[in-house]
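First up is the structure itself, then whatever we jot down about it.
Reminder, nothing fancy here: chain letters follow the sequence lines and each chain counts from 1.
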Number of protein chains: 2
Amino acid sequence: MRSLHHPGREQLDLPAVLYALSDPTRLEIVRRLAGDGELACGTFGLPATKATLSHHFKVLREAGIIQTRVEGVHRYNSLRKQDLDARFPGLLKAVLKASGPR
Amino acid sequence: MRSLHHPGREQLDLPAVLYALSDPTRLEIVRRLAGDGELACGTFGLPATKATLSHHFKVLREAGIIQTRVEGVHRYNSLRKQDLDARFPGLLKAVLKASGPR
DNA sequence: CCAATTGTTTGATTGTCGTCAAACAATAGA
DNA sequence: TCTATTGTTTGACGACAATCAAACAATTGG
């Protein structure tokens, strides 16, 4: 399998980040990660096939919003809070707050 | 001409707002409005035809990010700062800050 | 080694987006 | 009234996005 691509902190692009967050499914993924820290792809229970979810994770990953750690047969995803906050201060917090209380 | 559509404050939708802001041209429009207050459509000097710009203004307007006031032959656009801040506290500020200094 | 599990990739389909030229609408001024 | 001026709308085109099924890859357990 091709290795997972994670852009560096300096490469984070605001339009790309906003675009990635503009999809309801991806926004929901981000909200859950914000609450739970680290989650495997299969544990989200969202109404989409695994192929579709894999696509959404890829969009979030390539925008630099999440990072994916491989452990055995699982992929554990987590928010890149520090990188996002360093590059776009207050943005993630505002988006999470705006997306409603958990 | 059909009257200009402006959604109410309560109807502002986060994904739609994030999507509208995810285009570089639209982001630039928002940045200029944030600095200059109120601007006619033709005064932006952006590299696009008037048809394309009209489209971008429409997307911003229908997402509730700007409001357009008709005066004579001009359309004056301004940011809906108060509505955005009421609905999504801190979001506009974070986006503007993240989009770089003017 | 074999089968089950987890997730990615590919190929196809369907729909939307950004862009432009051209036609249109509305207003202001001569 | 005629003519600029300003902006919107329409129609078209190419590019891209969301979705799924099916095939594939990688690991774990028996």
In whole angstroms, how far is the [atom2] atom of [N] from the [atom1] atom of [X]?
X	N	atom1	atom2	answer
B:Phe57	D:dT8	CZ	C1'	12 Å
B:Leu53	D:dT9	CG	C1'	15 Å
A:Leu60	D:dA18	CG	C1'	14 Å
B:Arg75	D:dT8	CZ	C1'	7 Å
B:Leu39	D:dG7	CG	P	11 Å
A:Lys58	D:dC16	NZ	C1'	14 Å
A:Ile66	C:dG7	CD1	P	12 Å

Next on the checklist: One character per nucleotide, please: for nucleotides 13-20 of chain C, 5' to 3', B when the base has a protein heavy atom closer than 4.0 Å, S when only the sugar-phosphate does, - otherwise.
Outcome noted: ----SSBB

Item to check | Residues B:Arg61 and B:Thr68: side-chain donor-acceptor under 3.5 angstrom | outcome: yes

Next on the checklist: Report for the helix from C:dC1-D:dG30 to C:dA30-D:dT1: angle between first-end and last-end helix axes, five pairs each, rounded to 10 degrees.
Outcome noted: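 Rounded value for the end-axis angle: 20°.
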
Item to check | Test item: A:Arg75 side-chain N/O and A:Cys41 main-chain N/O as donor-acceptor pair under 3.5 Å | outcome: no

Item to check | Under 3.5 Å: donor-acceptor pair, side chain of B:Arg80, backbone of B:Gln67 | outcome: no

Checklist entry - Where do B:Leu21 and B:Val95 land on the side chain to side chain contact (heavy atoms under 4.5 Å, CB included) test, with the steps shown first? => result CA-CA 9 Å; B:Leu21 293 173; B:Val95 168; 4.3 Å; yes

Checklist entry - Pick the nucleotide of DNA chain D nearest each of B:Tyr76 and A:Glu71; which residue has the one closer to the 5' end? => result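 With B:Tyr76 and A:Glu71 compared, the 5'-side residue is B:Tyr76.
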
Proximal nucleotide (of [options]) relative to the [X] side chain:
X	options	answer
A:Lys50	D:dA23, D:dG7, D:dT5	D:dA23
A:His74	C:dT9, C:dA26, C:dG7	C:dG7
A:Ser54	D:dT5, D:dT8, C:dT8	C:dT8

Checklist entry - Where do B:Val30 and B:Arg32 land on the side chain to side chain contact (heavy atoms under 4.5 Å, CB included) test, with the steps shown first? => result CA-CA 5 Å; B:Val30 168; B:Arg32 297 206 193 178; over 6 Å; no

Item to check | Cluster check A:Tyr19, B:Leu92: I/L/V/M/F/W/Y, side chain < 4.5 angstrom | outcome: no

Next on the checklist: So, OP1 or OP2 of D:dT8: does either fall under 4.0 Å of a side-chain N or O from B:Arg61?
Outcome noted: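 True: B:Arg61 side-chain N/O within range (under 4.0 Å) of D:dT8 OP1/OP2.
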
Checklist entry - How far apart are the C-alpha atoms of B:Leu84 and B:Leu91, what are their side-chain angles, what is the distance that settles it, and do they pass the side chain to side chain contact (heavy atoms under 4.5 Å, CB included) test? => result CA-CA 8 Å; B:Leu84 287 170; B:Leu91 180 63; over 6 Å; no

Checklist entry - Yes or no on side chain to side chain contact (heavy atoms under 4.5 Å, CB included) for A:Arg9 and A:Gln82, after CA distance, side-chain angles and deciding distance? => result CA-CA 9 Å; A:Arg9 176 185 286 191; A:Gln82 292 192 346; 4.2 Å; yes

Checklist entry - Does the salt bridge (charged side-chain N to carboxylate O under 4.0 Å, His left out) test come out yes or no for B:Arg69 and B:Glu71, once each step is laid out? => result CA-CA 6 Å; B:Arg69 177 173 67 81; B:Glu71 184 176 315; 2.5 Å; yes

